[in-house]
Amino acid sequence: MFRELRPALTLVVLFTLLTGLVLPVLFTGFAQLAFPFQANGSLIRQNGQIIGSVRIGQNFTAPVYFQSRPSALTGTDAKGNSIATPYDASESGASNLAATSKALEDSVTARIAAYRAQFGPGPVPIDAVTASGSGLDPDISLADALRQAPAVAAARHWPVPVVIGLVHKLAQHPLLGFIGEARVDVLVLNLALDHEKP
Amino acid sequence: MTGWAQIALLFALVLGAAFPLGAYIARLYNGERVFLTPVMAPFERGFYKLAGIDPNRQMRWQDYAVALLMLSAVHAGLLYAILRLQYYLPFNPQNIPGMAPNLAFNTAVSFLTNTNWQAYAPESQISNGAQMFGLTVHMFLSAAAGIAAAGAMMRAFSGGHLTSLGNFYVDLTRIALYLLLPVSIIAAVLLLVAGVPQTFAPFAVAHTLSGEPQTIARGPVAFMEAIKEFGTNGGGFFNANSSHPFENPSAATLLLENWLLLVISFSLPITFGHIVKDRKQGIALFAAMAILLVLGVAGTYAAEAHGNALQIAAGASPLHGNMEGKEMRFGSALTSMFNVSATGTSTGAIAGATDSFMPLGGLVPLFLMQLGEVTPGGVGSGFYTMIVFALLSVFVAGLMVGRTPEYQGKKIQAKEIKLAMLAVLILTLFILGGAAFSLMTKSGLGSLANAGPHGLSEMLYAWTSATENNGSAMAGISANTNLLDYGLGAAMAFGRFAFLIPVLAIAGSLAAKPKLPPSAGTFPTTGPLFIGLLIGVIIILGGLQFMPADTLGPVAEHYLLASGKLF
């Protein structure tokens with residue numbers, strides 16, 4: 001039995017050094033030199049300040065911006081009560097509510113009502129009223145973006161075709177026509193809105 | 001329609017790779033020269049020299065088991081210490097404190113057993129250092145140990161009157177150096193280019209467009225992400241696992257990760273065909289695995305694409321199906337495919353919240369785990385579990401025609417069947433017993449996130465996932481309690497080792513027997529008849545044991561939802 005102790009200990013130490021220290025450090029060095037943008041989290045800067053990551057969604061409430069999907073993330077306030085902290089990227093997670101959850105059905109119904117009040121009657125894109133898996137989904141469906149466009153244009157006092165044109169310009173279509181879903185990165189779209197001068 | 005095309009594409013890519021990779025792994029088991037030998041042989045020899053390993057030493061099954069257990073025990077102890085002391089160790093830019101004893105115990109067992117159950121929230125409870133030299137190393141070694149044990153099982157069938165199953169240290173080292181490392185490095189580069197971070201910097205703080213601060217968790221993700229999938233580990237760098245945009249930034253990375261987590265487990269039956277010098281034997285096992293997995297993916301995708309009728313009635317568009325807990329860049333098809341693949345293997349990674357799947361969509365991952373993780377199962381463990389089912393299948397066939405069953409020319413006798421049944425039944429005890437016990441305690445009930453039959457599903461899922469060494473969860477459950485930390489920790493250890501030791505004993509017993517040439521009375525273990533029988537045995541064994549519990553959970557939930565009953 002103890003005959004196996006030395007090989008066990010030595011192999012654990014050697015593999016810890018190789019796969020846990022030397023390679024990750026070398027790989028990080030390579031990543032920082034060759035792909036610094038991706039390696040540091042695809043951060044976008046404006047006037048020298050980090051304004052977010054292309055990959056990570058943000059919470060938008062102003063009518064001049066497209067709205068992100070609901071986020072189920074929660075935190076605690078100073079008094080220790082649980083509060084909603086949508087798009088708090090220091091954490092991640094889903095609502096984990098079941099299909100038979102009354103809480104889920106109630107919030108979806110409430111979100112549909114709020115969505116229609118803001119963007120008009122008719123069927124509501126399902127992604128706009130359901131929380132994502134990470135709570136940080138950077139995208140909305142193309143259908144949702146097109147549905148929101150007229151209201152965003154109205155809030156900016158712009159012609160609707162300008163906003164719709166931007167949505168189409170920035171839409172990401174499925175890879176090779178069938179892998180993934182048609183979608184728009186909300187932060188990238190809203191940034192483009194701020195830079196657009198119709 | 002495009003959903004089915006995406007699923008077909010992935011399976012084509014796995015199928016295409018399994019044959020060459022299976023042949024490559026056979027060469028590794030046989031100690032033959034491969035194209036990486038010039039690069040890796042110096043490391044391999046150096047490791048043996050430093051560790052005092054004689055690569056020519058041949059191990060009986062008992063030696064093989066002791067070596068595997070000893071390495072596992074040493075490594076688990078080291079991980080426990082790292083987790084407790086992480087505050088004092090390097091690479092901790094967020095100053096994360098050491099883990100509490102219950103959580104550190106649970107996590108150490110979890111990664112030791114290739115389960116990667118995550119009772120912790122990584123962003124706030126584990127340092128970059130512990131992710132690297134704690135968890136990532138286990139991802140390499142627990143995967144390599146599983147593949148090594150599969151090799152020992154294959155050797156048992158390679159000839160007659162064998163006394164040895166090979167050398168555990170040689171198998172482990174060669175698999176890690178020649179298979180896991182090179183593919184992981186290539187995959188890590190691809191993931192990095194696609195947007196997965198790799199940095200030692202602390203969390204970034206952004207000033208958002210809306211004028212609020214946003215703290216963005218990041219770290220050395222890409223290197224860990226690759227082996228997390230390739231070794232069917234599944235422990236995410238982030239809480240949201242592969243649904244987090246930094247772990248899985250696009251549909252293309254999802255395809256890559258899904259391919260990685262399936263490919264070794266589907267290659268090993270092909271390897272087996274090479275080892276027993278009859279390719280068709282491997283293809284038969286491969287086919288049984290693939291048929292079950294494809295059916296599972298199709299079942300979940302059909303449920304998810306259909307969506308939640310109540311939400312559609314309330315005014316939501318049915319276009320994308322059920323999107324609660326799913327990411328827009330994946331949609332229902334890719335999320336279903338990924339989650340089912342990750343439970344059909346023992347990966348346990350998720351690209352969306354299984355807790356929020358439709359009742360029948362969530363039944364499939366649960367059931368695939370209950371089948372014993374053979375569709376295609378974890379790296380190595382899926383293969384040796386499949387052999388256990390193959391032995392039971394020829395035994396059943398032998399009973400029907402009244403002949404002594406044989407598999408690969410080895411007579412299957414009472415001893416092997418007893419060990420096989422022991423291995424299969426011991427897991428049920430933990431799954432059903434553990435879930436039932438937990439639900440009788442106040443602590444267990446307090447852990448549930450959802451009421452009604454879905455609450456039962458959550459607890460049943462937790463014990464199934466831990467015992468079968470999967471590691472995924474219906475993640476609403478609060479897993480970091482004393483009851484579940486210690487209970488599930490014990491379940492993970494039993495699930496791995498109380499299964500593996502009887503399996504190695506079977507291998508040792510079979511190895512010693514003569515290898516008989518096939519005769520007119522031999523039941524063929526290739527072709528549709530055997531594949532059908534094998535699938536039947538797997539489903540009936542799994543179904544009989546778990547159908548009552550599953551009926552009270554997901555199946556009841558399905559019918560209650562259809563009648564509009566909410567909780």
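All chains are named by letter (A, B, ...) in the order of the sequence lines, taking the proteins before the strands, and each is independently numbered beginning at 1. Given the structure is predicted, the values throughout are model-derived calculations rather than measurements.
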A/S95 and B/E324: CA distance, side-chain angles, deciding distance, side chain to side chain donor-acceptor pair (under 3.5 Å) verdict: CA-CA 8 Å; A/S95 76; B/E324 181 67 28; 2.6 Å; yes

Full working for side chain to side chain contact (heavy atoms under 4.5 Å, CB included) between A/L18 and B/F47: CA-CA 11 Å; A/L18 181 68; B/F47 276 30; 4.1 Å; yes

B/T208/A/Y87 under side chain to side chain contact (heavy atoms under 4.5 Å, CB included): CA gap, chis, key distance, verdict: CA-CA 11 Å; B/T208 68; A/Y87 290 92; over 6 Å; no

Check against side chain to side chain contact (heavy atoms under 4.5 Å, CB included), B/V205 and A/I50: CA-CA 7 Å; B/V205 179; A/I50 300 170; over 6 Å; no

Intermediate values then yes/no, side chain to side chain donor-acceptor pair (under 3.5 Å), B/E123 and A/S92: CA-CA 8 Å; B/E123 288 95 331; A/S92 59; 2.6 Å; yes

Audit row: B/L9, A/F178, side chain to side chain contact (heavy atoms under 4.5 Å, CB included) steps and yes/no: CA-CA 10 Å; B/L9 172 69; A/F178 72 102; 4.0 Å; yes

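Counting heavy atoms from C-beta on, the side chains of A/K102 and B/F567 never come closer than 4.5 Å. Taking the side chain as every heavy atom from C-beta outward, B/K565 and A/T100 never approach each other to under 4.5 Å. Side-chain atoms of B/I53 and A/L11, non-hydrogen and from C-beta on, do get closer than 4.5 Å to each other. Side-chain contact between A/Q58 and B/L209 is present, with at least one heavy-atom pair separated by less than 4.5 Å. By the 4.5 Å heavy-atom criterion applied to side chains, B/F200 and A/V25 are counted as neighbours. In this structure, the side chains of B/L192 and A/F30 come closer than 4.5 Å at one or more pairs of heavy atoms. Put simply, the side chain of A/I126 does not reach to within 4.5 Å of the side chain of B/S317, judged on heavy atoms. The closest side-chain heavy-atom distance from B/R218 to A/L43 is below 4.5 Å.
Side-chain atoms of B/N450 come within 3.5 Å of backbone N or O of A/N96 as a donor-acceptor pair. A donor-acceptor contact shorter than 3.5 Å is absent between the side chain of B/E327 and the backbone of A/S132. Checked by atom type and distance alone, the side chain of A/E105 never pairs as donor or acceptor with a backbone atom of B/L566 at under 3.5 Å. For the pair A/D137 (side chain) and B/M328 (backbone), a donor-acceptor distance under 3.5 Å is present. Looking only at distances, no side-chain donor or acceptor of A/T19 sits under 3.5 Å from a matching main-chain atom of B/F140. With A/Q38 contributing its side chain and B/V193 its backbone, the two residues share a donor-acceptor pair below 3.5 Å. Checking side-chain atoms of A/R183 against main-chain N and O of B/F330 turns up no donor-acceptor pair under 3.5 Å.
Residue-environment remark: CZ (B/F43) stays at or below the threshold of 12 foreign heavy atoms within 6.0 Å.
Between B/L50 atom CG and A/T10 atom OG1 the span is 7.5 Å, to the nearest 0.5 Å. Here CD1 of B/I227 is found 11.5 Å from CG of A/L23. Values are rounded to the nearest 0.5 Å. A distance of 9.5 Å separates CG in A/D144 from NE2 in B/H320, rounded to the nearest 0.5 Å. Taking OG1 from A/T16 and CG from B/L141, the interatomic distance works out to 7.0 Å, rounded to the nearest 0.5 Å. Separating the OG1 atom in B/T2 from the CD1 atom in A/I179 is a distance of 10.0 Å, to the nearest 0.5 Å. Taken to the nearest 0.5 Å, the CZ atom of A/F15 stands 10.0 Å off from the NE2 atom of B/H75.
In this structure, the portion of A/L175 lying under 4.5 Å from any heavy atom of chain B is its side chain and not its backbone. Contact annotation for B/I350: neither backbone nor side-chain heavy atoms come within less than 4.5 Å of a heavy atom of chain A. For A/A98, the parts lying under 4.5 angstrom from a heavy atom of chain B are both the backbone and the side chain. Contact of A/R3 with chain B is made through the side chain alone, with heavy-atom distances under 4.5 Å. Contact of A/A94 with chain B is made through the side chain alone, with heavy-atom distances under 4.5 Å. If you measure heavy-atom distances from A/P125 to chain B, the contacts under 4.5 Å come from the backbone alone. Contacts of A/I112 with chain B are made by side-chain atoms alone, with heavy-atom separations under 4.5 Å and no backbone atom involved.
Pairing each heavy atom of B/A314 with each of A/T109, the nearest pair is CB-OG1, 4.3 Å. Shown here for B/F357 and A/A99, the closest heavy-atom pair between the two residues is O-CB, 4.1 Å. When all heavy atoms of A/G133 and B/A240 are compared, the pair lying nearest together is O-CB, 4.0 Å. When all heavy atoms of B/M70 and A/A8 are compared, the pair lying nearest together is CG-CB, 3.8 Å. Taking each heavy atom of A/L97 and B/S356 in turn, the nearest pair found is O-OG, 2.7 Å. Residues B/Y169 and A/P7 come closest through the heavy atom pair CZ-CB, 3.6 Å.
Side chain to side chain, A/E91 and B/S124 fail the donor-acceptor criterion of an N or O pair below 3.5 Å.
A salt bridge links A/E4 with B/R57: the distance from a Lys NZ or Arg NE/NH1/NH2 to an Asp or Glu carboxylate oxygen falls below 4.0 Å.
Comparing B/G315, B/A353, B/P122, B/P453 by heavy-atom pairs within less than 4.5 Å of chain A, the highest count is held by B/G315. Top candidate by heavy-atom pairs under 4.5 Å with chain A, chosen from B/A475, B/P220, B/A67, B/G331, is B/A475.
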